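Only a predicted model underlies this, so the values are computations on that prediction, with no experimental measurement involved.
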Amino acid sequence: MTVAVRVIPCLDVDAGRVVKGVNFTDLRDAGDPVEMAKLYDAEGADELTFLDITASSGNRETTYDVVRRTAEQVFIPLTVGGGVRTVDDVDRLLRAGADKVGINTAAVARPELVRECALRFGSQCIVLSVDARRTRAPGSPGSPDSVGTSDSVGTSGHGTPRFEVTTHGGRTGTGIDAVAWAARAVKLGAGEILLNSMDADGTRDGYDLEMIAAVRAVVDVPVIASGGAGRLADFAPAVAAGADAVLAASVFHFGDLRIGAVKDALRAAAVPVR
């Protein structure tokens, strides 16, 4: 049985408002998250993702309130991430109405957090969010063509990784190979990988197909492609590269594309959708 590909709008939330920029900079207001969530639900979105992109301690209660109000209004799965540092943070978000919780920076700092959360809540609730950027051109000297799945997070063993994990909204490089990190996180219990290309984010130049394919080759859980969607023609290639779901933000928020049109384009490319 073929699993339908999911179309997921992403709402980057800052102080209770949806914002969007390019490469996580030059943010502009895009609307009220609860109202936008209701619209996307009505349009046929398969899931919603909320990312608290500032996640300061003083802003956390705002995020919980947004999650609660959204969960009361929509009936599709909701993934929430940003600023999740502890098992208790995951618990609070799930109790507020999230169906899944994304973990990024805290998991890089302490990978065992992924295992602890998966054991307590189930792998199906835990999404590893990977913000990755290119560091080497494909085929350049020293660029890794494959990575191992060793039991430690670090560089790939081939020098500078081709795709490097970043943290703090893409502002901090880690030297960690993104493909190896995704593979290790799945071994620890992550049930899904949200793979965001920091180079492509907000550019509307298309998804990073090579990055998607590289991660797809080493994990057996769903991969969500994020970063770069700009045209209807961008979505099917991401699926062909190995994505189980396609995520987009600004093209939906500012009315350039509609959920139904994306699904029609996928159907036309013989991609199963709901």
Strictly distance-based, threshold 3.5 Å: is any side-chain N or O of Ser226 a donor or acceptor partner for the main-chain N or O of Leu247? no
First locate atom CG of Leu48, then atom OG1 of Thr70, and finally report the distance between them rounded to the nearest 0.5 Å. 8.0 Å
For the pair Arg162 and Asp177, find out whether any cationic side-chain nitrogen is under 4.0 Å from an anionic carboxylate oxygen. no
What is the distance from atom OG of Ser123 to atom CZ of Arg115, rounded to the nearest 0.5 Å? 10.5 Å
Taking Glu164 for its side chain and Gly175 for its backbone only, find out whether a donor-acceptor pair lies under 3.5 Å. yes
If only atom types and distance count, is the side chain of Asp244 paired as donor or acceptor with the main-chain N or O of Val223 below 3.5 Å? yes
Between Asp131 and the options Asn104, Thr166, Thr172, the side-chain hydrogen bond (donor to acceptor under 3.5 Å, both in side chains) test singles out Asn104
Got a second to check how far Met36's CE is from Phe50's CZ, nearest 0.5 Å? 9.0 Å
With a 4.5 Å cut-off on side-chain heavy-atom distances among I, L, V, M, F, W and Y, is there a chain of contacts connecting Leu194 to Val130? no
Using atom types as modelled and distance alone, determine if a side-chain donor or acceptor of Lys263 lies under 3.5 Å from a backbone N or O of Gly44. yes
Starting at CE of Met198, measure out to CG of Asp201 and round the result to the nearest 0.5 Å. 5.5 Å
Could you check whether any side-chain heavy atom of Leu51 comes within less than 4.5 Å of a side-chain heavy atom of Leu11, counting everything from C-beta outward? no
Does Arg134 qualify as a cation-pi partner of Phe163, given the criterion of NZ or CZ under 6.0 Å from the six-membered ring centre and within 45 degrees of its axis? no
Test item: Val80 and Tyr64 side chains (from C-beta on) under 4.5 Å apart, heavy atoms: no
In the structure I gave you, are the side-chain heavy atoms of Val246 and Tyr207 within less than 4.5 Å of one another anywhere? yes
Thr86 side chain near Val90 side chain, heavy-atom distance below 4.5 Å: no
Arg110 bridged to Glu116 by N-O distance under 4.0 Å: yes
Arg258/Asp264 salt bridge by N-O under 4.0 Å criterion: no
pair Phe121-Val101: side-chain heavy atoms closer than 4.5 Å: no
Is it true that Arg69 and Glu72 have a side-chain N and a carboxylate O under 4.0 angstrom from each other? no
Pair Asp234 + Arg231: basic N to acidic O under 4.0 Å: yes
Picking from Ile103, Ile126, Thr63, what satisfies side-chain contact (heavy atoms from CB on, under 4.5 Å) with Val84? Ile103
How long is the span from the CG atom in Leu128 to the CG atom in Leu195, to the nearest 0.5 Å? 9.5 Å
Sub-4.5 Å side-chain heavy-atom contact between Val67 and Leu78: yes
Donor-acceptor pair, Arg216 side chain versus Gly242 backbone, under 3.5 Å? yes
Flag, side chain of Asp41 to backbone of Ala37, donor-acceptor distance under 3.5 Å: no
Quick check on Arg95: does its CZ atom have over 12 non-hydrogen neighbours (other residues, nucleotides or ligands) under 6.0 Å away? no
If we only count heavy atoms from C-beta on, is the Arg274 to Arg6 side-chain gap below 4.5 Å? yes
Once rounded to the nearest 0.5 Å, what's the spacing between atom CG of Leu93 and atom CG of Asp99? 11.5 Å
Side-chain (His253) to main-chain (Cys10) donor-acceptor, under 3.5 angstrom: yes
